[in-house]
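The model shown is predicted, which means the values in this text are computed figures rather than measured ones. Keep in mind that the numbers below use all heavy atoms, side chains included, and drop hydrogens, waters and symmetry copies. Per chain, numbering begins at 1; letters A, B, ... match sequence-line order.
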Amino acid sequence: MAQIFTASADTRLRAFFLIMLLVVLGVAAFAGGLADSTYVTMVGWFRDQPVPFSHQHHVQGLGIDCRYCHTGVETSAQAGLPATHVCMTCHSQVWTGAPLLALVRQSFASGTPLEWNRVAKVPDYVYFNHSIHVTRGVPCVECHGRIDEMPLTARAQPFQMQWCLSCHRDPAPHLRPPEQVTQMDWSDWERDPQAHKDYGALMVQAYGIEPDKLVQCNTCHR
Amino acid sequence: MSWPLLLCLTLALLAGCNEMGSQPRYDNAEPSALFADGKVLQAPPEGTVAQDQPQRDRALSNRPAMSAALLKRGQERYAINCVPCHDAAGDGHGTVPARGFPQPPSFHEQRLVEAPSRYFVDVITHGHGVMYSYADRVEPADRWAIAAYIRALQTSRNASAAQLSTIDREALGGDRGG
């Protein structure tokens, strides 16, 4: 009977297994990389909006506090996007004829809300709550980045579970005085770490924050 | 089919299960297919009275006692809601008027210094001329806090050195006798 396998078959089989292994590893690495890439986490990708609203102009330029527009942030789970009449508080008088704002005026006249494309969002199976973070003094910039330097809004942090957990395991270094949560520039604070070295730890004690409980699944998944 | 292949197929199919990933839930201000106007947030039927309405009415009609906490709260709320136009000192030279919004009056005008605190609460509640109402953004109790803070701003222009504490006077560089 003739030989079924040639002499090189063994080598080819080994090569095949090696290639399969490399492909599997490659796919895994690609999937892992993709999941962490900004393409999936949306970090730094500006979204087009129906009205090109600029935080840079309104927050940095005009010095308007976040809570002027995001009124729910201290008291409820959601920060809330401003109603059209909040824009019209000023835009009934400034930039009244600007084509950029035509949609705002139209929305105001017709009573249909503007439809913003959401930037900062976690999936529906996650329960997030602004008021607890804000009243404990986690500043907006910690999670939303330098919004005041964004001409169009982009996500600043990957809203992945590991990101939430990395802070929940040890929130102390992230805490600031609650009355200054909307402050964007903390370089003063960070320049002299010695001066505030105990602040976070003391606050964790004062508020009774228990990191063990903060990392339990049912804190965020209910 | 051999069992290892079957196992592989089942595993591959399992990977498609994502019960956790799809738990749709309505959040505030999201679109909804349920209602004719397409909004999750429905306006309450006409004639509805909020449960806390009596409390809010009471907060609006009764002026709270002056306290340091009230002033502090007022300072914060004033900075959030009023400073863009009325500026931190109450002169009306905010950043928004600088970009073409009508100039608000200074809180240090004689007319406004003489106005009762309730007048400021009313302006916040109902608006005034081109200034919109802030009733939906500033809670009744906070309106009194802002009014109290405006009073403090006004006093700061008219206080005599004798009313200050020794420490404040020293900080200002005046002599001890005042």
Handout entry: Toward chain A, the part of B:Glu30 with a non-hydrogen atom under 4.5 Å
Key = side chain

Exercise for the section: For A:Arg222, enumerate each residue passing the side-chain hydrogen bond (donor to acceptor under 3.5 Å, both in side chains) test, keeping only those at least two apart in sequence or located in another chain. Expected result: none

Problem - Lys/Arg-Asp/Glu bridge criterion (N-O < 4.0 Å) met for A:Glu115, B:Lys39 - result: no

Practice task
Indicate yes or no: at least one non-hydrogen side-chain atom of A:Lys121 is less than 4.5 angstrom from one of B:Asp27.
Solution key: yes

Problem - Pair B:Gln23-A:His221, side chain to side chain contact (heavy atoms under 4.5 Å, CB included): steps then yes or no - result: CA-CA 11 Å; B:Gln23 302 181 47; A:His221 305 296; over 6 Å; no

Completion exercise
Ranked by heavy-atom pairs below 4.5 Å to chain B, first place among A:Thr89, A:Thr182, A:Leu81, A:Val94 goes to A:Thr89

Exercise for the section: Examine whether an atom of A:Thr71 lies under 4.5 Å from a heavy atom of chain B, and if so say whether it belongs to the side chain, the backbone or both; otherwise answer neither. Expected result: side chain

Practice task
Side-chain contact test, heavy atoms from C-beta onward, threshold under 4.5 Å: evaluate it for B:Met131 versus A:Gln93 and give yes or no.
Solution key: no

Exercise for the section: Give, as side chain, backbone, both or neither, the part of B:Tyr134 having an atom under 4.5 angstrom from any heavy atom of chain A. Expected result: side chain

Practice task
Sort by residue number and list every member of residues 56-67 of chain A having a non-hydrogen atom under 4.5 Å from chain B.
Solution key: A:Gly61, A:Leu62, A:Ile64, A:Asp65, A:Arg67

Problem - Neighbourhood of chain B inside residues 124-136 of chain A, taking heavy atoms under 4.5 Å as contact - result: A:Asp124, A:Tyr125, A:Val126, A:Tyr127

Exercise for the section: Give a yes or no on this: more than 12 heavy atoms of other residues, nucleotides or ligands lie within 6.0 Å of atom CZ of B:Arg63. Expected result: no

Handout entry: Residues A:Glu179, B:Arg73: salt bridge by 4.0 Å N-O rule
Key = no

Handout entry: Flag if over 12 foreign heavy atoms under 6.0 Å of OH, B:Tyr26
Key = yes

Fill in the blank from the handout: Checking heavy-atom separations under 4.5 Å from chain B, one finds in residues 95-111 of chain A A:Phe108, A:Gly111

Problem - Heavy-atom contact with chain A under 4.5 Å, split by part of B:Asp37 - result: neither

Problem - Flag, side chain of A:Gln78 to backbone of B:Asn28, donor-acceptor distance under 3.5 Å - result: yes

Problem - Minimum heavy-atom distance between B:Tyr132 and A:Ser92, given as atom pair plus value - result: OH-CB, 3.5 Å

Completion exercise
The interface call for A:Glu74 against chain B, heavy-atom contacts under 4.5 Å, is side chain

Fill in the blank from the handout: Nearest heavy-atom approach of B:Val96 to A:Cys90 is CG1-SG, 4.1 Å

